[in-house]
Amino acid sequence: MKRIFSVVPVLLLLATPWSGRAQGTFMTKTGRVSFLSTTILEDIEARNNAAAAVFDLNTGQLALVIPVKEFVFKRSLMQEHFNENYMESDKYPKATFTGRFTGADAATLGWAGSHEVQVEGELTLHGVSHHVKVPGALELKNGQLLASAVFNVAPADYNIEVPLLVRENIAKIVSIRVALSCDVVAGSGPKPTRSSPLK
Amino acid sequence: MQLPCYTLFSLLGLTAAGLAWAPAARAQTDLLHQLEREVAEPAKREVVAATFKGTRIINSQSVETPGAGTLAFLIQHRFGTLNSGAYQFFGLDQAVLRLGLEYGLTNRLTLGLGRSSQDKTFDGFVKFRALQQATGVQPLPVSVTLLASSSLTTLKFNETPDRSLTSRVSYAYQALIARKFNENLSVQLMPTLIHRNYVATAAEQNDVYALGGALRQKLTKRLALTADYYYLLPGPTARAFRNALGLGVDIETGGHVFQLHVTNSRGMTETFFVPQTQGNFFSGDLYFGFTVARSFTVSPQL
């Protein structure tokens with residue numbers, strides 16, 4: 001029994017170099033970003049399927065560009081107001097994030113399953129940048145890098161003005177959901193494999 | 001000039017630290033730039049939105065239509081003239097009202113229905129966004145919306161036999177041509193034809209031609225000044241009636257738009273305000289009025 005305990009770590013150590021080192025750059029132009037504002041009076045939801053993202057697994061860096069005008073609302077008038085008055089999309093057409101993820105690296109990402117990561121960097125919305133740190137998840141599956149994160153943003157922090165009359169209709173904290181399926185960029189490194197040392 | 005040793009060292013240290021940090025920071029922005037380069041489509045076509053706040057400017061309809069699946073409910077109100085004196089409470093004792101519904105069948109095609117208390121008139125219209133101002137690939141300098149409306153008065157005339165149905169109907173045809181010059185300024189031109197099946201006097205023509213102009217100038221994000229004007233082309237109507245002029249403000253409260261205005265026209269549909277305006281704007285024949293629009297989403301976009 002005792003021997004098994006010592007064998008497992010050794011096996012792990014041996015296995016690590018053989019497991020697929022997830023390398024290279026992954027990218028998407030059709031990432032999904034949605035947000036939800038919930039108040040007693042109403043729920044406001046909008047979806048965007050045109051977010052672009054790039055992940056560099058070698059360095060742990062990532063960047064995200066969201067075209068603000070691509071958000072679709074249930075109500076067309078709301079969508080117009082969102083672009084015209086709240087986000088001022090003509091002036092600030094893109095929301096961006098640039099930063100790095102920690103908690104998983106090129107080696108561990110090769111293992112099957114979802115990996116919890118911490119994402120840290122600059123979020124720029126409505127022309128205002130803030131340093132943010134949010135939890136996320138990364139998974140390599142069928143040659144794709146799946147990334148997801150759910151985090152909160154306070155519109156007031158980004159100088160997004162809410163008129164008095166609808167102040168009760170729009171949440172102080174808006175929940176943002178990001179789901180990206182990135183494909184490997186050709187020539188950015190060996191194709192990652194899915195082998196796991198524990199299999 | 002002699003720098004103390006420790007200053008030199010600390011400078012060196014700072015430089016070294018700076019050098020060590022720089023690549024990481026640069027790599028991050030490089031990644032973002034690389035991504036932005038990847039996604040930057042050469043001058044993507046973008047339709048110019050929100051040329052006007054609502055589907056109405058003051059008297060005129062704007063190039064805007066409710067989006068697909070949106071039903072707009074309009075309450076339009078005109079009080080009496082401001083110069084009617086204290087006895088009439090400066091016009092507030094009298095009012096004409098138009099209730100309207102506008103439904104966006106698609107993002108381009110809208111059907112509307114309305115009922116004005118003036119002459120007990122029903123009206124219906126079809127509005128089609130033929131062209132939309134756009135930037136990028138295949139740019140378009142203007143938006144063009146075509147409007148055809150008809151109205152039917154159900155007033156009881158003291159005539160025996162009473163007037164026939166066809167004699168009660170009038171038509172209006174407009175091409176609304178608008179350009180949003182910048183975030184704040186939008187201008188609209190409106191060549192107009194009014195056809196009335198029946199007119200009582202020779203001074204009123206069956207066909208009246210007019211050219212309208214309107215503008216919107218934003219003052220703040222949610223407040224705008226508006227104006228619209230109709231020039232009647234020379235003829236008996238132009239001699240007997242006045243050109244309709246309106247000045248107003250648009251106040252956006254988030255959910256809906258309040259439009260407050262003064263105009264020399266009492267009627268709120270094209271067949272009234274284009275050929276039948278009688279008030280003299282500059283001698284105080286001003287009707288104070290407002291338009292409130294409330295949008296209901298019948299079929300959501302999501």
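Labels below follow one simple rule: chain letters A, B, ... track the order of the sequence lines, proteins then strands, and each chain is numbered from 1.
- Atom CZ of A:R177 has 12 or fewer neighbouring heavy atoms from other residues, nucleotides or ligands inside a 6.0 Å radius.
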Apply the test side chain to side chain contact (heavy atoms under 4.5 Å, CB included) to residues B:L302 and A:R47: give CA-CA distance (whole Å), side-chain angles for both, the deciding distance (0.1 Å), then the verdict. CA-CA 8 Å; B:L302 279 182; A:R47 293 183 207 154; 4.2 Å; yes
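- The choice from B:A50, B:A72, B:A68, B:G67 that makes the most heavy-atom pairs within less than 4.5 Å of chain A is B:A50.
- Remark: A:K133 NZ is loosely packed, at most 12 non-hydrogen atoms of other residues, nucleotides or ligands lying under 6.0 Å away.
- With respect to the salt-bridge test (charged N to carboxylate O, under 4.0 angstrom), the residues B:K53 and A:E84 qualify.
- Contacts of A:I170 with chain B are absent, with no heavy-atom separation under 4.5 Å from either backbone or side chain.
- Nearest heavy-atom pair across A:R75 and B:S295 is NH1-O, 3.6 Å.
- With a threshold of 4.5 angstrom between heavy atoms, A:M27 approaches chain B through side-chain atoms but not through N, CA, C or O.
- Using a 4.5 Å cut-off between heavy atoms, A:E161 touches chain B through backbone and side chain atoms alike.
- Between the side chain of A:K74 and the backbone N or O of B:Q301 there is no donor-acceptor pair closer than 3.5 Å.
- For A:R32, the CZ atom sits in a loose shell: 12 or fewer heavy atoms of surrounding residues, nucleotides or ligands are nearer than 6.0 Å.
- The CG atom of A:L164 sits 11.0 Å away from the CZ atom of B:R222 when rounded to the nearest 0.5 Å.
- Residue B:R294 holds its CZ atom at 9.0 Å from CG of A:L77, rounded to the nearest 0.5 Å.
- One finds the CD atom of B:E252 at 3.5 Å from the NE2 atom of A:H81 (value rounded to the nearest 0.5 Å).
- Heavy atoms of A:A50 lying under 4.5 Å from chain B are absent altogether.
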